[in-house]
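See below for the structure under consideration.
So that the names make sense, note that chain A is the first sequence line, chain B the second, and so on, each numbered from 1.
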2 protein chains.
Amino acid sequence: MQKTNVRAYGAEAADASLEELKINRREVTAGDVEIEILFCGVCHSDLHTTRNDWGGTIYPSVPGHEIVGRVTKTGADVTRFKTGDIAAVGCLVGSCMECKNCKDDLEQYCINGWVGTYNGNDKYLGGHTYGGYSQKVVVEEHFVLKVPGNLDLAGAAPLLCAGITTWSPLKHWKVGKGSNVAVVGLGGLGHMAIKLAKALGANVTLFSRSENKEKDALALGADKVIISTDPQQMKKVHGEFEGIIDTVPTLHDVNIYVPTLAASGTLVLVGYLGPLDPMLNSVPLILGRMSVAGSLIGGIAETQEMLDFCGEHNITSDIEIIKIQDINEAYERMLKSDVRYRFVIDMASLQN
Amino acid sequence: MQKTNVRAYGAEAADASLEELKINRREVTAGDVEIEILFCGVCHSDLHTTRNDWGGTIYPSVPGHEIVGRVTKTGADVTRFKTGDIAAVGCLVGSCMECKNCKDDLEQYCINGWVGTYNGNDKYLGGHTYGGYSQKVVVEEHFVLKVPGNLDLAGAAPLLCAGITTWSPLKHWKVGKGSNVAVVGLGGLGHMAIKLAKALGANVTLFSRSENKEKDALALGADKVIISTDPQQMKKVHGEFEGIIDTVPTLHDVNIYVPTLAASGTLVLVGYLGPLDPMLNSVPLILGRMSVAGSLIGGIAETQEMLDFCGEHNITSDIEIIKIQDINEAYERMLKSDVRYRFVIDMASLQN
């Protein structure tokens with residue numbers, strides 16, 4: 001298979017910094033779209049993957065799955081894109097397209113295994129997939145999204161992961177006009193959850209451990225902020241929320257939020273991967289028919305729906321634009337939550 | 001308030017056996033129905049309450065909330081019952097009737113606190129409520145159910161707790177024709193879950209730790225039995241179930257069942273009250289948009305719906321009838337799961 005060599009940024013090992021390297025991209029096949037990457041958001045998963053925090057990272061690791069760019073070439077069978085179009089790619093670049101979940105537009109739950117934008121199995125070139133910290137990407141048309149023309153392209157990039165990850169549970173658990181929703185944590189995901197829930201018509205509460213998040217949260221659209229370490233404040237919202245989107249990526253006690261759910265309410269974990277410690281207590285779940293659930297990014301159709309919704313409501317992520325050369329410093333700042341609220345790489349910097 | 005003294009069976013302390021004692025029942029007020037108790041099912045909660053396993057038991061404790069009997073008197077405002085009718089009472093004898101949940105027919109999640117059939121606050125006589133191990137009970141009409149005429153009365157008694165506890169989650173999570181459902185544990189609740197799910201049109205699988213449950217499970221309506229301690233068998237049902245009703249009342253590892261859920265599936269705990277140990281792992285929840293939920297008995301309208309459904313499908317519990325004098329022995333056998341599948345007290349024995 002024909003391929004071209006392009007510039008990228010990645011890590012050669014778990015303990016290595018990200019540096020410039022070269023990767024191969026396939027020449028477009030009939031069903032492919034080639035995209036020159038303009039902006040790429042920086043997700044916590046990028047950092048976890050390059051450092052092998054979850055195990056299973058294959059090196060060199062080129063992360064990045066919040067990709068916005070310009071179409072530079074299309075295959076013969078491509079119908080929805082043409083050269084010059086603005087296009088986007090999220091966390092998925094492939095799935096079996098045949099299983100029940102794929103047929104239900106739930107490619108992210110593909111029974112035969114979806115292909116991640118990075119660290120996935122590259123069925124075209126062999127080896128593993130490389131993400132958006134690169135000049136170009138070649139993706140099957142089905143997994144390429146359209147970006148509404150009114151959106152700021154850099155601010156739109158994080159919609160592809162942070163946006164869809166919070167949108168999907170909001171929609172699946174039917175958040176809409178008048179819903180009472182809470183968001184745990186104000187980071188990349190949390191700030192998108194507030195914006196999207198608010199635009200859907202919900203009353204939105206932010207749970208935060210620090211009082212200094214209040215001003216920002218209200219500016220983003222939250223109706224109120226509850227300090228989760230204050231038992232008095234927590235008591236005031238007992239039984240209030242139909243849904244809670246818990247975006248905290250680190251170990252934390254879920255039990256303190258469960259009693260703030262209304263009967264039949266659901267707390268959805270979208271950030272933390274691992275055992276629930278302290279142990280989840282079933283008593284409040286049973287006494288209120290509550291659920292603790294998880295949710296992973298979103299399907300392709302749902303991602304397009306979210307992008308279109310963001311276009312209608314002019315929603316983008318609050319971002320700080322960086323050069324690719326500053327990525328290692330950005331990771332360190334991200335670990336300290338020192339970002340409001342998402343780093344986005346201006347990929348023009350990779351040309352320099 | 002006028003009251004009458006009736007015979008009952010109860011415990012005077014956590015470490016005491018159940019013995020005959022006398023309790024007061026109020027004279028019917030305008031809204032009340034007085035019922036001569038014919039049969040009363042024996043629930044694990046009866047045992048836990050009399051032994052103060054959950055704390056908070058008030059003595060003397062007279063348990064029993066699976067009550068079927070004959071109406072002996074009705075208040076002036078009662079319209080749905082008359083003397084001589086067969087009637088039933090379940091786990092609830094009161095709620096605020098004014099909160100959002102009560103208005104939604106979810107009295108079991110009453111925000112202001114529902115009144116348990118035993119060990120609840122008796123707003124009429126003061127003190128606490130006494131359950132169905134007694135000659136008579138007086139209950140507000142709203143909390144009295146009708147029993148379809150074709151049902152065996154003794155076999156119908158356990159429907160009031162074991163039946164509704166499994167029916168409510170089956171309905172809430174929309175189990176119907178062609179659904180793939182699993183039941184964990186084959187006891188009082190589990191055997192009702194199988195019968196009800198099957199009658200709703202679902203394909204039903206029993207998870208059991210012991211192979212000797214297979215014959216019974218199939219006879220009750222299960223389509224297959226999976227031995228949960230056999231990794232090969234568990235692997236075969238990976239991703240299969242839209243819903244799992246987990247009836248096990250003791251500590252057990254929920255994590256082994258989660259991967260058998262289909263995408264967006266829910267495991268509902270109806271038996272075990274306490275911390276989930278080993279810790280619940282969020283990874284499979286997130287990777288499959290799965291939920292772990294709880295569910296508590298059911299509302300009054302839903303309980304009537306379940307009884308009517310059981311009438312149409314001629315469903316009752318598989319029971320062993322005992323005399324009230326054998327209740328302490330029955331508790332010991334229940335602790336060893338030595339009952340197929342519910343003890344029911346023939347309350348005529350209390351007259352002897």
Side-chain angles (χ1 to χ4, degrees), chain A residues 54 99-102 104 106-114 165 168-169 172-173 238-240 246 248-249 251-252 254-255 258 261-299, chain B residues 54 99-102 104 106-114 165 168-169 172-173 238-240 246 248-249 251-252 254-255 258 261-299:
Chain A
W54 296 327
C99 72
K100 185 186 176 306
N101 294 339
C102 282
D104 287 347
L106 297 170
E107 299 91 343
Q108 78 275 32
Y109 305 123
C110 174
I111 290 166
N112 299 306
W114 47 273
T165 297
S168 183
H172 181 67
W173 277 279
H238 185 98
E240 181 162 322
D246 182 338
V248 176
L251 193 59
H252 61 291
V254 168
N255 290 297
V258 172
L261 286 170
S264 313
T266 301
L267 181 148
V268 189
L269 296 160
V270 295
Y272 171 66
L273 290 162
L276 297 185
D277 183 8
M279 291 181 270
L280 180 66
N281 191 338
S282 77
V283 175
L285 296 181
I286 289 176
L287 296 184
R289 189 163 62 187
M290 294 149 181
S291 302
V292 170
S295 181
L296 180 73
I297 47 177
Chain B
W54 295 328
C99 73
K100 184 184 178 309
N101 294 340
C102 281
D104 287 346
L106 297 169
E107 299 91 341
Q108 78 275 33
Y109 305 123
C110 174
I111 289 165
N112 298 306
W114 47 274
T165 297
S168 183
H172 182 67
W173 278 279
H238 186 99
E240 181 162 321
D246 182 338
V248 177
L251 193 60
H252 62 291
V254 168
N255 291 298
V258 171
L261 286 169
S264 314
T266 302
L267 181 148
V268 189
L269 296 160
V270 295
Y272 171 67
L273 290 161
L276 297 185
D277 182 8
M279 291 181 271
L280 181 66
N281 191 338
S282 78
V283 175
L285 296 181
I286 289 175
L287 296 184
R289 190 164 61 187
M290 294 151 181
S291 302
V292 170
S295 181
L296 181 72
I297 47 176

I'd like to know which of [options] tops the heavy-atom pair count under 4.5 Å against chain A.
options	result
B:K100, B:H172, B:H238	B:H172
B:P169, B:A262, B:A263	B:A263
B:M290, B:R289, B:M279	B:R289

query: Looking at CG of B:L287 and CD1 of A:I297, how far apart are the two atoms once the value is rounded to the nearest 0.5 Å?
result: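 Going from the CG atom of B:L287 to the CD1 atom of A:I297 covers 9.5 Å.
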- request: Look up atom OG in B:S291 and atom CG in A:L267, then write down how far apart they are to the nearest 0.5 Å.
  value: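 Rounded to the nearest 0.5 Å, the OG-CG separation comes out at 10.5 Å.
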query: Looking at A:V270, A:V254, A:L269, which hits side-chain contact (heavy atoms from CB on, under 4.5 Å) with B:S282?
result: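 Result: among A:V270, A:V254, A:L269, A:L269 is the only option passing the side-chain contact (heavy atoms from CB on, under 4.5 Å) with B:S282.
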query: Side chain, backbone, both or neither: which part of A:W173 has a heavy atom under 4.5 Å from chain B?
result: side chain
field: Residue A:L106 versus chain B: region with a heavy atom under 4.5 Å
entry: side chain
query: Between B:N101 and chain A, which part of the residue has a heavy atom less than 4.5 Å away: side chain, backbone, both or neither?
result: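 For B:N101, side-chain heavy atoms alone lie under 4.5 Å from chain A.
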field: A:I286 versus B:L273, closest heavy-atom pair with distance
entry: CD1-CD2, 3.8 Å
- request: Quick one: which of A:I111, A:L285, A:D104 has the most heavy-atom pairs under 4.5 Å with chain B, could you say?
  value: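 Result: the option with the highest number of such pairs is A:L285.
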